[in-house]
Amino acid sequence: MKQVVRHTDRSALLAGYAAPPPEVHPPLLHAGYGSTRTRAPLRPPVPLPQGLTELTGPLLGEDRLGEFDHDLTRQHDGEPVGQRILVQGRVLDGAGRPVPRTLVEIWQANASGRYVHAGDRWPGALDPNFTGLGRALTDDDGAYRFVTVRPGAYPWGNHENAWRPAHIHFSLFGRAFTQRLVTQMYFPDDPLLEIDPILDAVPAQARRRLVSAYDHGITQPQWALGYRFDIVLRGPEATPWETAEEHES
């Protein structure tokens with residue numbers, strides 16, 4: 001028999017929800033980001049009630065992780081091409097408290113700016129030793145860590161001579177599959193940041209939260225450069241999130 005969440009139960013589940021402040025997240029339609037003209041909705045969204053399945057499952061836990069899921073340089077027989085980097089940080093709630101047991105997934109282009117994706121037409125070289133997918137679970141302190149290579153920039157068709165800055169996509173899951181947030185991490189020394197319409201769509205005061213910080217304390221001698229990228233789930237200091245339609249850019 002199908003279980004149904006009563007209205008009062010659903011209200012209790014959503015009682016702690018607060019709408020994100022408008023000065024944090026990018027608008028659905030941004031003139032400089034050409035793709036939003038075809039993706040932005042033209043009519044108000046229609047709310048659909050969620051059942052018990054959407055609110056509680058499937059649960060995401062440690063048993064879903066493989067040994068090298070967090071290390072994108074060890075998922076194949078050989079070393080991938082490119083500069084090895086360490087990316088680590090913490091997932092925090094709006095009050096600065098750590099959020100443990102959060103599944104953090106990343107995906108990215110390889111060092112030549114090429115994704116392992118059938119729709120990627122950029123003639124950058126594919127790397128047989130790099131897939132570009134990783135995931136990790138935050139610990140009791142809300143911390144995560146990835147080993148990967150720095151992604152390359154790549155051209156895209158938004159405007160004349162358009163190039164996307166080097167970036168890594170982040171996806172965070174809560175305890176249920178429908179609790180998902182997606183964002184992008186950039187690198188602090190990238191000259192393309194100033195001309196990227198996707199980053200420019202984010203309100204100016206929140207834009208810096210998408211740019212990682214070089215951290216010499218994370219850097220390991222003779223091995224890899226380190227970058228720190230903390231993620232805040234909500235509140236005035238929240239990390240800007242993407243809509244579902246922007247994930248491929």
Quiz item: Considering residues at least two apart in sequence or located in another chain, which fulfil the side chain to side chain donor-acceptor pair (under 3.5 Å) criterion with Arg84?
Solution: Glu79
Self-check item: Near-ring test Phe170/Phe229, centroid separation under 6.0 angstrom
Solution: yes
Quiz prompt | Heavy-atom check, side chain of Thr36 versus side chain of Leu28, under 4.5 Å | solution = no
Quiz item: Are Met185 and Leu233 joined in one hydrophobic group, where the rule is that I, L, V, M, F, W and Y side chains link up if heavy atoms are under 4.5 Å apart?
Solution: yes
Exercise. Indicate yes or no: does Arg101 engage Asp139 in a salt bridge with an N to O separation below 4.0 Å.
Key: no
Quiz item: What are the two closest non-hydrogen atoms of Ser112 and Ala125, and how far apart are they?
Solution: OG-O, 2.7 Å
Exercise. Check the angle between the aromatic planes of Tyr186 and His167 and answer parallel, tilted or perpendicular using the 30° and 60° thresholds.
Key: tilted
Quiz item: Taking the side chain as C-beta and beyond, is there a heavy-atom pair between Pro151 and Ile168 under 4.5 Å?
Solution: yes
Quiz item: At what distance, to the nearest 0.5 angstrom, does CH2 of Trp156 lie from CZ of Arg164?
Solution: 5.5 Å
Self-check item: Closest heavy-atom pair and its distance - Asp120, Gly113
Solution: OD2-O, 4.2 Å
Quiz prompt | Heavy-atom pair of closest approach, residues Arg114 and Trp122 | solution = CD-O, 3.1 Å
Exercise. Could you go through the salt bridge (Lys or Arg N to Asp or Glu O under 4.0 Å) check for Arg234 and Asp93 one step at a time?
Key: CA-CA 6 Å; Arg234 64 170 64 180; Asp93 67 12; over 6 Å; no
Exercise. Keeping the roles fixed (side chain from Asp215, backbone from Tyr227), state whether a donor-acceptor pair exists under 3.5 Å.
Key: no
Quiz prompt | Cluster link Leu92 to Leu181, ILVMFWY, side chain under 4.5 Å | solution = no
Quiz item: Do Tyr33 and Val211 share a hydrophobic cluster (ILVMFWY, side-chain heavy atoms under 4.5 Å, transitive)?
Solution: yes
Practice problem: Measure the CD-CD distance between Gln75 and Glu67 for me, rounded to the nearest 0.5 Å. | Solution: 11.5 Å
Quiz prompt | Check: Gly66 main-chain N/O paired with Asp69 side-chain donor or acceptor under 3.5 Å | solution = yes
Quiz prompt | Exercise: identify the closest heavy-atom pair between Gly82 and Ala111 | solution = CA-CB, 3.8 Å
Practice problem: Show your reasoning for whether side chain to side chain contact (heavy atoms under 4.5 Å, CB included) applies to Phe146 and Ile106. | Solution: CA-CA 9 Å; Phe146 289 102; Ile106 63 171; 3.7 Å; yes
Quiz item: Mind checking whether Thr148 and Ile85 have side chains closer than 4.5 Å, heavy atoms only?
Solution: yes
Quiz item: Within the distance-only criterion (no hydrogens, no angle test), does the side chain of Thr219 pair as donor or acceptor with the backbone N or O of Gly226 below 3.5 angstrom?
Solution: yes
Quiz item: Side chains of Arg209 and Val232: does their closest heavy-atom pair fall under 4.5 Å?
Solution: no
Quiz item: Stepwise, does the side chain to side chain contact (heavy atoms under 4.5 Å, CB included) test hold for Val104 with Arg135?
Solution: CA-CA 5 Å; Val104 182; Arg135 55 183 179 176; over 6 Å; no
Practice problem: Show the numbers, then the answer: is there a side chain to side chain contact (heavy atoms under 4.5 Å, CB included) between Leu199 and Leu210? | Solution: CA-CA 8 Å; Leu199 184 60; Leu210 296 178; 3.8 Å; yes
Self-check item: Within-4.5 Å side-chain heavy-atom neighbours: Leu86 and Gln220
Solution: yes
Exercise. Check whether any side-chain heavy atom of Ile218 lies under 4.5 Å from a side-chain heavy atom of Gln88, and answer yes or no.
Key: yes
Quiz item: Do Gln108 side-chain atoms and Val149 backbone N/O form a donor-acceptor pair below 3.5 Å?
Solution: yes
Quiz item: Are Val147 and Val116 connected, step by step, through hydrophobic side chains (Ile, Leu, Val, Met, Phe, Trp, Tyr) whose heavy atoms are closer than 4.5 Å?
Solution: no
Exercise. Could you walk me through whether Ser212 and Arg228 pass the side chain to side chain donor-acceptor pair (under 3.5 Å) test, one step at a time?
Key: CA-CA 6 Å; Ser212 61; Arg228 179 170 297 282; over 6 Å; no
Exercise. Give a yes/no verdict on a cation-pi contact between Arg90 and Tyr144, requiring under 6.0 Å between NZ or CZ and the six-membered ring centre and an angle within 45° of the axis.
Key: no
Quiz item: Should Phe130 and Leu72 count as side-chain neighbours, where that means a heavy-atom distance under 4.5 Å?
Solution: yes
Quiz item: Can a salt bridge be assigned to the pair Glu194 and Arg207 using a cut-off of 4.0 Å between side-chain N and carboxylate O?
Solution: no
Practice problem: Please name the pair of heavy atoms, one in Pro45 and one in Pro47, separated by the smallest distance, quoted to 0.1 Å. | Solution: O-CD, 3.5 Å
Practice problem: Determine, step by step, whether Tyr115 and His169 satisfy the side chain to side chain donor-acceptor pair (under 3.5 Å) criterion, reporting the C-alpha distance in whole Å, the side-chain angles of both residues, the deciding distance to 0.1 Å, and the verdict. | Solution: CA-CA 12 Å; Tyr115 287 95; His169 299 264; 3.1 Å; yes
Quiz prompt | Shortest non-hydrogen contact from Ser171 toward Trp107 | solution = CB-CZ3, 3.7 Å
Quiz item: Would you find a donor on one side and an acceptor on the other, under 3.5 Å apart, between the side chain of Thr138 and the backbone of Thr102?
Solution: yes
Quiz prompt | Salt-bridge present (Arg150, Asp189; N to O < 4.0 Å) | solution = yes
Quiz item: Can you check whether Gly78's main-chain N or O pairs, donor with acceptor, with His76's side chain at less than 3.5 Å?
Solution: no
Practice problem: Take Leu65 and Leu137 through the side chain to side chain contact (heavy atoms under 4.5 Å, CB included) test and state the conclusion after the steps. | Solution: CA-CA 8 Å; Leu65 298 180; Leu137 206 64; 3.6 Å; yes
Quiz item: So, the side chain of Asn129 versus the backbone of Pro80: is there a donor-acceptor pair under 3.5 Å, distance only?
Solution: no
Quiz prompt | Same apolar cluster: Tyr154 and Ile195, side chain cutoff 4.5 Å | solution = yes
